[in-house]
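Counting starts at 1 for both ligands and their atoms, following the listed order. Just so you know, these numbers use all the heavy atoms, side chains as well, and skip hydrogens, waters and symmetry mates. Note that the structure is predicted; figures quoted are calculated from it, not measured.
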Amino acid sequence: MRVVIVGGGFAAVKFARTLRGKLSLSDCEILLFNRENHMVFHPLLADVAGASINVDAAVAPLRQMLPGVGCRTERVQRIDLAASELEFETADGAQARLPYDHIVLACGAESNLAIIPGMTEHAFAFKVMRDAIDLRQHIVQQMENAEATTDADLRRWHLSFIVVGAGFSGVEVAGEINELVRSSTRFYRNFKEEDVVVTVVHSQAQILPEVAPTLRDFARKKMEKAGITMLLNTRAVAATHEGIELNNGKMLRGATIICTIGTSISPLVQNLDVPKERGRIRTLPEMRIEGQKNAWAIGDCSLIVNAFDNQPSPTTAQFAERQGRQAALNLVRILKGQPTKPFYFKALGQLCSIGGYQAVAEMFGMRISGFIAWFMWRGVYLLKLPNWSRRIKVAQDWTWDLLFPRDLSFLSTDSAQQLTHAYYRPGDIIHRQGEQPRTFSVIEEGQVEVLKTAPPSPEPRLVAVLGKGDFFGEEAILGNRPHETSVRARTPVRIGQVGSTLFRQMTSSFSPLRDILLQAFTRRSGDFWRRLPIAKTVLEAEPLSSFLDPLATTSLHKDTTLVEALRALEQSPAGELLVLDDNQHLWGVLGRDDVFHIIARISVSSPEEQSEVGQRKLSELLLGDPVYVSLDDSILVASATMLDHGLPRLPVVQSKTDLRPVGYLRGEKIGSHVIQKIAEGEKGHAQTAG
Ligand SMILES: Cc1cc2nc3c(=O)[nH]c(=O)nc-3n(C[C@H](O)[C@H](O)[C@H](O)COP(=O)(O)OP(=O)(O)OC[C@H]3O[C@@H](n4cnc5c(N)ncnc54)[C@H](O)[C@@H]3O)c2cc1C
């Protein structure tokens, strides 16, 4: 018989150990698939980030923990419950299938920063070991930056740390960062403990929803005493390079954002056709998946009702372990033809580290806090390690770390060599005129405004609007000079950014890219207007509305099918139609050129998708997010935008916030007006001269 376990966390390890203890090698092959070859002790991740323990103290090799269990590191991609087979990708990239007699899903949950705009781009997740290692590097780097800068505001920004969410992971990581940074200030000359700001932002009235109310209160008071600010009943609504925007409209500044909220179920579970509740797999009380004979779910990916209190089990390590053990015993009962037992567990107590060698604990009806609680907390995890040699090694490390200062070395990463992503809110400045260029930017979503300040006027003038697929920053990097314009977000914008050094390397070794950029240089509005100052004067005198053409009578909805849309396009004299959303706001533009792009996209899709293409909605086939201007823009900006994008026609909307289309601008209409005015000017000049 073969039992396959997917996952290698608390639930999976306990299941595998218990089952191995009950069934002999000849009776049962146990195979455990986990993406990493080790188990991660999540409650110790904060200590890794806070540099109070080494990485190896928070992980344990599965192979050594689980003798007699086959441990594999391939990622399981699909489970065919009907055929009792699982599918995974082998090390050389081939697809493989493996039959099983019983399968146990223990694949936990994944972090999902996408729930708040900008978090994916600017915040650290806190779920896997890589997150903790990267965060530790980043924190130490911020202290180095704070030491180096002479700007007091910037120093404070580097020393401000924001933790979003106050569950176990948020509380633990905030406590550890606070301790690391405050206890390290004595090694720096340019800042003191008072300069350090650690803030926890939490949407509820109390922290630690997983623990008893009295313990929560105690933990909060202790943390506040240690210098941590708690912003309760407050939500983060967006994250940017500056910090986070709160639901009360305020901006909380900080160079480090850690987002501990937002989990999603693994794609493996998402694609499984079984009953789920809030994304978690619903099981019977015995922990078999509802409707399945040989498939089980345990730990954070499952929703198991605890027979002790008839409540869904919380997603904690303690429950995951107990479920692992009791599910294994139930499988043995089934094999022996005995009745199974429902999951039943009376929690032993709760422990949570709050940083600075302090913890809060509730055990056997007693509440303990401080160093003793912390010592118990560490002891519990020590006992979970696979063998005594490892326990002694880890205990030695911990004692060493207790006696000596935390390690402040870090491996520097050169941002000029990196490819990153950034999110900006409307009005945020992306770079300022006169600043040295740091990145070449490509707009992935949204629009930006290019602004130029020219003396004597102190007010910046809008010179162009850039949209999805447009880029900026290349001129300053390649010309090795400061930016000649500022760039400001006009709508929420997502941008892909290439560090200046990496960009220089790419353009020097990749000539097609250099050529595209050179073409863009010459098209850029700044150059164009510099060479035609009369046209600029002519256009500045005219309001945009005087060039407006009426809208076509037909428009499309983003849910229109491709067949219907193409029929309408054939009838359109302009050769393009506006696509609107439910609010009648501009969502996209379907032009004749797009038909070929759609065909190109379909050509690389599966035969089934190809056969259904006619019925697909425009929203699935077009990119959306078109370039447009609004009535309050100048015709100068509009024409520069058309030139920049090579657009013969440009939609105009009511305003930047009201995206209902009001008309069109045509290149030839603007062009002929300019030429006519120039000609009239010349004639007048000639007459005066005559
Ligand atoms: C920072 C942090 C601190 C925490 N602190 C506490 C605490 O103090 N006390 C407490 O009780 N709980 C705590 N928790 C919660 C606790 O860690 C989880 O409840 C527990 O880890 C759940 O165990 P699990 O076995 O279900 O999943 P996990 O431990 O998450 O393990 C799931 C495993 O499955 C693997 N996997 C997923 N998909 C696949 C696939 N397709 N193929 C192969 N492998 C796959 C993953 O790589 C992972 O190793 C904390 C969690 C975090 C993130």
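- The aromatic ring centroids of Y357 and F371 lie 6.0 Å or more from each other.
- Scanning the protein for heavy atoms near atom 13 (C) of ligand 1, the closest one is F168 CD1, 3.9 Å.
- Counting protein heavy atoms only, atom 12 (N) of ligand 1 is closest to A317 N, 3.3 Å.
- L25 and G68 get closest at one heavy-atom pair: CD2-O, 3.6 Å.
- Atoms of ligand 1 found under 4.0 Å from any heavy atom of V76 (numbered from 1 in listed order, with element): 40 (C), 41 (N), 42 (N), 43 (C).
- Under the side chain to side chain contact (heavy atoms under 4.5 Å, CB included) test applied with F168, the options T260, V173, L208 reduce to a single match, L208.
- Judged purely by distance below 3.5 Å, without hydrogens or angles, the side chains of T73 and E36 never pair a donor atom with an acceptor atom.
- With a heavy-atom cut-off of 4.0 Å, F126 touches ligand 1 through backbone and side chain alike.
- Panel note: side chain H122, backbone Y423; a donor-acceptor pair is recorded below 3.5 Å.
- Remark: ligand 1 and E36 share an N or O pair separated by less than 3.5 Å (distance only, no angle test).
- Inspection of the T234 and N247 side chains reveals no N or O donor paired with an N or O acceptor under 3.5 Å.
- In terms of protein heavy-atom proximity, atom 23 (O) of ligand 1 is nearest to A320 CB, 3.6 Å.
- Interatomic distance, CE of M1 versus NE2 of H102, reported as 6.0 Å (0.5 Å rounding).
- Counting only distance, with no hydrogens or angles, the side chain of R280 and the backbone of S302 share a donor-acceptor pair below 3.5 Å.
- For the residue pair D217/Q206, the side-chain donor-acceptor check at 3.5 Å is satisfied.
- Selection from A347, G7, A11, S353 by nearest heavy atom to atom 25 (O) of ligand 1 gives A11.
- Taking only nitrogen or oxygen atoms, main chain and side chain alike, S169 does not reach within less than 3.5 Å of ligand 1.
- With ligand atoms numbered from 1 in the order given, ligand 1 contributes 26 (O) to contacts under 4.0 Å with heavy atoms of G299.
- Here the heavy atom of the protein found nearest to atom 27 (O) of ligand 1 is G108 CA, 3.4 Å.
- For the residue pair R288 / T283, no side-chain donor-acceptor distance below 3.5 Å is found, with atom types taken as modelled.
- No option in V6, V3, N294 other than V6 meets the side chain to side chain contact (heavy atoms under 4.5 Å, CB included) test with I103.
- Under a 3.5 Å cut-off, the side chain of N178 and the backbone N or O of A174 do not form any donor-acceptor pair.
- Among all non-hydrogen protein atoms, the one lying nearest atom 49 (O) of ligand 1 is N34 OD1, 2.7 Å.
- Ligand 1 places these atoms under 4.0 Å from at least one heavy atom of G8: 33 (C), 34 (O).
- Less than 4.0 angstrom separates some heavy atom of F33 from each of these atoms of ligand 1: 43 (C), 44 (N).
- For atom 45 (C) of ligand 1, the nearest non-hydrogen atom from the set H38, E89, R35 belongs to R35.
- Q95 and Q77 form a side-chain donor-acceptor contact under 3.5 Å, judged by distance and modelled atom types alone.
- The protein heavy atom nearest to atom 52 (C) of ligand 1 is H42 CB, 3.5 Å.
- Residue contacts with ligand 1, taken as heavy atom pairs separated by less than 4.0 Å, involve F10 via backbone and side-chain atoms alike.
- When only non-hydrogen protein atoms are considered, atom 8 (O) of ligand 1 lies nearest to E172 OE2, 2.8 Å.
- Scanning the protein for heavy atoms near atom 31 (O) of ligand 1, the closest one is G9 CA, 3.4 Å.
- Selection from A125, C107, C352, P43 by nearest heavy atom to atom 32 (C) of ligand 1 gives C107.
- For ligand 1, the polar-atom distance check finds an N/O of D300 within less than 3.5 Å of one of the ligand's N/O atoms.
- Neither the backbone nor the side chain of Q77 has a heavy atom within less than 4.0 Å of ligand 1.
- Of the charged side-chain nitrogens involved, at least one lies within less than 4.0 Å of a carboxylate oxygen, so that R494 and E121 count as a salt-bridged pair.
- Within ligand 1, the atoms closer than 4.0 Å to a non-hydrogen atom of A106 are 32 (C), 34 (O), numbered from 1 in the order shown.
- Between T315 and ligand 1, at least one N/O pair is under 3.5 Å apart.
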